Amino acid sequence: MDDQASCFYHPQKKAVIPCDHCGRFLCALCDVELGGKHLCPACLETGKKKGRIINLDRHRVLYDGIAARLALFPMIIFWFTIVTAPMALYLAIRHWKSPRSLVKRSKIQFILAMALSGLQICAWVIYVGLYLVSRR
Amino acid sequence: MNTNMDGRAETRYKRLPGKGTRGAGFITVALTRCSLYMGDDHILAVDNNGFSEDYKRFYFSDIQAIITRRTRRGATWSIVLALIVACSLMGALFLEKEPVRFFFRFFSGPCFVLLFINILRGPTCICHIMTAVQEEKLPSLNRLRVAHKVIGKLRLAIERVQGTLSPEEVSIDQHEGIPHPMRSMGRLRQPHARRQQIRHDGGTLHMMAFAFLLVDGLLTGIELLYHSAIMIGVSSVLTLIYCILIIIALVRQHESDIPGTVRKMTWASLGFVCVSYFLSYILMVTTLVTSRHQRMLTQWDMYRIMLDLSPQDSPLVMGLYAFAATCSLALGALGLVRVKKHRDHSASVSRPDQKSRSEVRV
């Protein structure tokens with residue numbers, strides 16, 4: 001074992017491959033192959049927690065879909081939009097860079113949400129302005 | 001590659017044909033839309049409920065089988081839609097009031113379009129994907145034509161990873177039972193054995209349901225000739241009883257030894273009840289709309305109008321009564337015969353056992 005590289009986690013075992021992310025030497029037990037890459041358990045855990053390994057992603061919240069629905073559906077009863085339009089706008093701006101669907105990459109729903117909620121807020125501002133002017 | 005520690009999504013997924021909803025039953029209530037995507041080395045099953053997505057990956061190297069089973073769901077929908085279209089057209093052609101005729105004409109249009117689409121989409125199926133540790137339903141592959149198309153695409157990708165068997169190797173595996181050295185079939189998972197015990201059911205409930213159905217059919221047949229409020233009352237009570245009995249029988253027949261014919265007849269009886277209720281509802285609405293009775297202030301007035309409705313008054317009512325009587329008599333009689341056969345068979349099977357027990361006791 002003296003003239004052979006040993007595993008970072010198991011010094012008694014012979015290293016067979018380095019981790020593709022951190023470069024640590026790994027034995028056959030510690031080597032995790034995922035999507036053609038060899039990772040060590042620590043990198044795998046870190047990647048899973050931070051959502052960096054796409055192949056371990058099992059669930060994603062679709063903020064773009066939520067924002068679009070929040071901007072669109074309350075228009076049936078327009079009074080709700082006084083609350084929902086700012087919420088939709090906030091969601092669209094806050095999660096603009098958040099990971100979206102794995103399969104649909106377009107930001108069209110965010111754009112739609114921002115446009116609709118912007119229009120609704122404008123309509124409310126005009127309405128309140130006109131109301132105040134008429135009161136005077 | 002799809003494993004990326006820098007946070008960049010690089011896997012390009014290609015959409016596979018077909019979309020469906022997760023949820024079982026004749027009418028699907030769930031709004032989770034399911035679709036399939038093909039990645040570099042796996043299939044991605046996506047369940048989307050509008051607010052979030054759930055993913056399942058099936059790697060090409062792990063897939064053991066994709067199983068499709070043809071179902072009758074599409075055919076059932078076609079029959080139901082065709083019945084609705086036929087009834088609507090009858091209403092549109094034979095009713096007197098123009099608004100009612102217009103309503104039926106308007107109603108039959110979308111139903112006809114749905115029927116046309118359903119026929120065009122072809123036969124339905126259920127598709128499962130099998131790996132060494134799971135068997136997952138693929139709701140997006142719910143039409144046979146689409147399923148075959150997708151399987152054709154997947155076959156190429158899977159064969160690229162797993163390799164192929166030549167026709168000679170396949171024939172050796174099938175006829176001689178010699179496992180191929182590279183791809184032993186012994187490694188494939190055996191399907192789960194069903195652990196549920198098959199319960200014996202004598203079919204008493206089914207028999208009672210069919211008997212009530214038969215009596216109701218006879219009464220309805222008599223009503224065609226002799227209209228009486230008492231008979232309608234008795235018939236309504238009978239209908240209520242056999243509806244309850246059919247539902248209990250459907251629950252009881254699950255995982256029991258009731259033969260397939262009796263099961264189908266019970267489901268057909270439920271279908272008949274639904275259709276006859278639907279037709280009666282249409283008749284009631286049209287009667288109330290076209291009724292010349294001015295005094296319809298209470299619920300009782302409405303019932304009175306319905307009770308006064310005699311089969312001799314209108315061809316539509318006559319048709320409905322004839323349909324109900326024929327179906328009730330046919331289903332009731334055939335059902336009774338089948339249940340009787342099942343009971344006789346059960347008795348003949350259990351008798352030798354009883355004999356042998358008595359011999360042992362002696």
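Chain naming here is simple, since letters A, B, ... match the order of the sequence lines and numbering starts at 1 in each. Model, not experiment: these values are computed from the prediction.
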Can you say whether B/Asn48 sits under 4.5 Å from chain A via the side chain, the backbone, both, or neither, judging by heavy atoms? side chain
Side chain, backbone, both or neither: which part of B/Tyr37 has an atom under 4.5 Å from a heavy atom of chain A? side chain
Could you list which of residues 65-80 of chain A have a heavy atom closer than 4.5 Å to any heavy atom of chain B, in residue-number order? A/Gly65, A/Ile66, A/Arg69
If you compare all heavy atoms of A/Leu102 against all heavy atoms of B/Arg57, which two are closest, and at what distance to 0.1 Å? CD1-NH2, 3.3 Å
Is it the case that more than 12 heavy atoms not belonging to [X] sit under 6.0 Å from its [atom1] atom?
{"X": "A/Phe25", "atom1": "CZ", "result": "no"}
{"X": "A/Lys107", "atom1": "NZ", "result": "yes"}
{"X": "B/Phe112", "atom1": "CZ", "result": "no"}
{"X": "B/Arg105", "atom1": "CZ", "result": "yes"}

Within-4.5 Å side-chain heavy-atom neighbours: A/Val103 and B/Arg15: no
By side chain to side chain contact (heavy atoms under 4.5 Å, CB included), which residues pair with B/Phe106, not counting sequence neighbours? none
Rounded to the nearest 0.5 Å, what separation is found between the CG atom of A/Leu62 and the CD atom of B/Glu53? 4.5 Å
